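To start, the structure under review is shown below, and the notes come after it.
Proteins get letters first, then strands, A, B, ... in listed order; numbering begins at 1 in each. Atoms considered below: every heavy atom in the structure, side chains included; atoms not considered: hydrogens, waters and symmetry mates. Since we're looking at a predicted model, the values are computed, not measured.
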There are 2 protein chains.
Amino acid sequence: MANLTKSEEDYLESIYVIQQEKKVVRIKDIAKHLNIKLPSVTEAVKKLSQKSLTIYERYGYVQLTSKGKKHAQEVFKKHQAVFTFLTKILRVKKETALKDACLIEHNLSAETLEKLIKFIEKNN
Amino acid sequence: MANLTKSEEDYLESIYVIQQEKKVVRIKDIAKHLNIKLPSVTEAVKKLSQKSLTIYERYGYVQLTSKGKKHAQEVFKKHQAVFTFLTKILRVKKETALKDACLIEHNLSAETLEKLIKFIEKNN
DNA sequence: TATATAAGTTAGTCTTACCTAACAATATAT
DNA sequence: ATATATTGTTAGGTAAGACTAACTTATATA
């Protein structure tokens, strides 16, 4: 288990989400999605590649490895669970829920995630 | 509205909690509570004092200003709400809930907090 | 094909928030 | 009262993760 930082989780999740929308992921797409500057992305993607979480070569596309994808999906799952709970059950405004979910997604233990998902299924 | 970092919120909350238990707060108490080293605390408390969130003089006690206390209470309230939700409603294990709450407390919007509290009141 | 624009990289800087090692002050115990 | 232990401070270091400025590569257009 890689033990990723929030920042790394954000990158992986972004790449995952962008890929589902656009099939191909560029440095600038990630920058836009995370609202940060290009050089920060270049550097981060290099590091993720060193950790075998992404595949990247200069000026090319960014891809997730299967390991990277697994982590990305895990984070995304947490995001979705929290977002659904906030909007459907607490009836928090969409924009607020989105912001909160983007932060809370990094702080959910496996146990809480599991129980949250079950709770949503029952109460929705 | 001061806009505090997570770290600053942690310090304020710690000071607040310790004060309720011990009446007097020392640098070492905070270090123990947050599980960090003394010099980190000294430095942080200096900064908080510069921001008028704490009152401190070398080798003395640490106190919250009313401004600092307000922030501390706000964080503590979020912590309690999340912890209660996790333990009472999701039935997450105490230790897990505590860990999760310590992280999530920094990422709850005012709107979500408010709605979470109402939800707990109704469903408990 | 030459050139302008967009995208990406490199180098260097900044801030936050920790740390260790060494030293200083305070409190405690003999 | 002095030695010792505890607590706190100072100085300096490190890592993560962002940034800007300057440069390079790639792409698009005239």
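- Between A:Gln50 atom CD and D:dG17 atom P the separation is 13 Å, expressed in whole Å.
- Residue contacts for A:Ser7: at a heavy-atom cut-off of 4.0 Å it reaches the sugar-phosphate backbone alone, with no base atom in range.
- Using a 4.0 Å heavy-atom distance criterion, B:Lys32 is classed as making no nucleic acid contact.
- With C:dA25, C:dT16, D:dT20 as the candidates, the nucleotide lying closest to the side chain of B:Thr5 is C:dT16.
- Considering only heavy atoms from C-beta on, A:Leu108 comes within 4.5 Å of A:Val82 through its side chain.
- When the side chains of ILVMFWY residues are joined at heavy-atom separations under 4.5 Å, either directly or via intervening members, A:Leu48 and A:Val17 end up in a single hydrophobic cluster.
- If you find the closest nucleotide of DNA chain C to A:Arg58 and to B:Lys6, the one lying nearer the 5' end belongs to A:Arg58.
- Distance NE2 (B:His106) to P (C:dT16): 17 Å, rounded to an integer number of Å.
- Side-chain atoms of B:Leu98 and B:Leu86, non-hydrogen and from C-beta on, never get closer than 4.5 Å to each other.
- B:Gln63 has its side chain out of reach of B:Tyr56: every pair of non-hydrogen atoms, C-beta onward, lies at least 4.5 Å apart.
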Discussion item. Before you tell me yes or no, could you show the steps for B:Lys77 and B:Ile117 under side-chain contact (heavy atoms from CB on, under 4.5 Å), namely the whole-Å CA-CA distance, both residues' side-chain angles and the distance that decides it to 0.1 Å?
Written reply: CA-CA 9 Å; B:Lys77 194 174 164 188; B:Ile117 289 174; 3.7 Å; yes
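- For C:dT16, neither phosphate oxygen OP1 nor OP2 lies less than 4.0 angstrom from any side-chain nitrogen or oxygen of B:Tyr11.
- Following rounding to the nearest Å, B:Lys46 (NZ) and D:dT9 (P) show an atom-to-atom distance of 7 Å.
- Contact annotation: A:Arg26 does not reach the phosphate of C:dA7 (side-chain N/O to OP1 or OP2, under 4.0 Å).
- Contact annotation: A:Thr42 reaches the phosphate of C:dT9 (side-chain N/O to OP1 or OP2, under 4.0 Å).
- Nearer the 5' end of DNA chain D, as judged by each residue's closest nucleotide, is the contact made by B:Ile27, out of B:Ile27 and A:Glu43.
- The nearest whole Å value for the distance from the OH atom in B:Tyr56 to the P atom in D:dG8 is 6 Å.
- Comparing atom distances between the B:Pro39 side chain and each of C:dT20, D:dT7, C:dC18 picks out C:dT20 as nearest.
- The distance between atom CG of B:Asn35 and atom C1' of C:dC19, rounded to the nearest whole Å, is 13 Å.
- Between the P atom of C:dT9 and the CD1 atom of A:Ile30 lies a distance of 10 Å, rounded to the nearest Å.
- Taking atom CD1 of A:Ile36 as the reference point, atom P of C:dT15 lies 19 Å away to the nearest angstrom.
- The interatomic distance linking B:Tyr61 (OH) with D:dT7 (C1') rounds to 12 Å, in whole Å.
- When distances are taken from the side chain of A:Lys37 to each of D:dT20, C:dA7, D:dA11, the shortest belongs to D:dT20.
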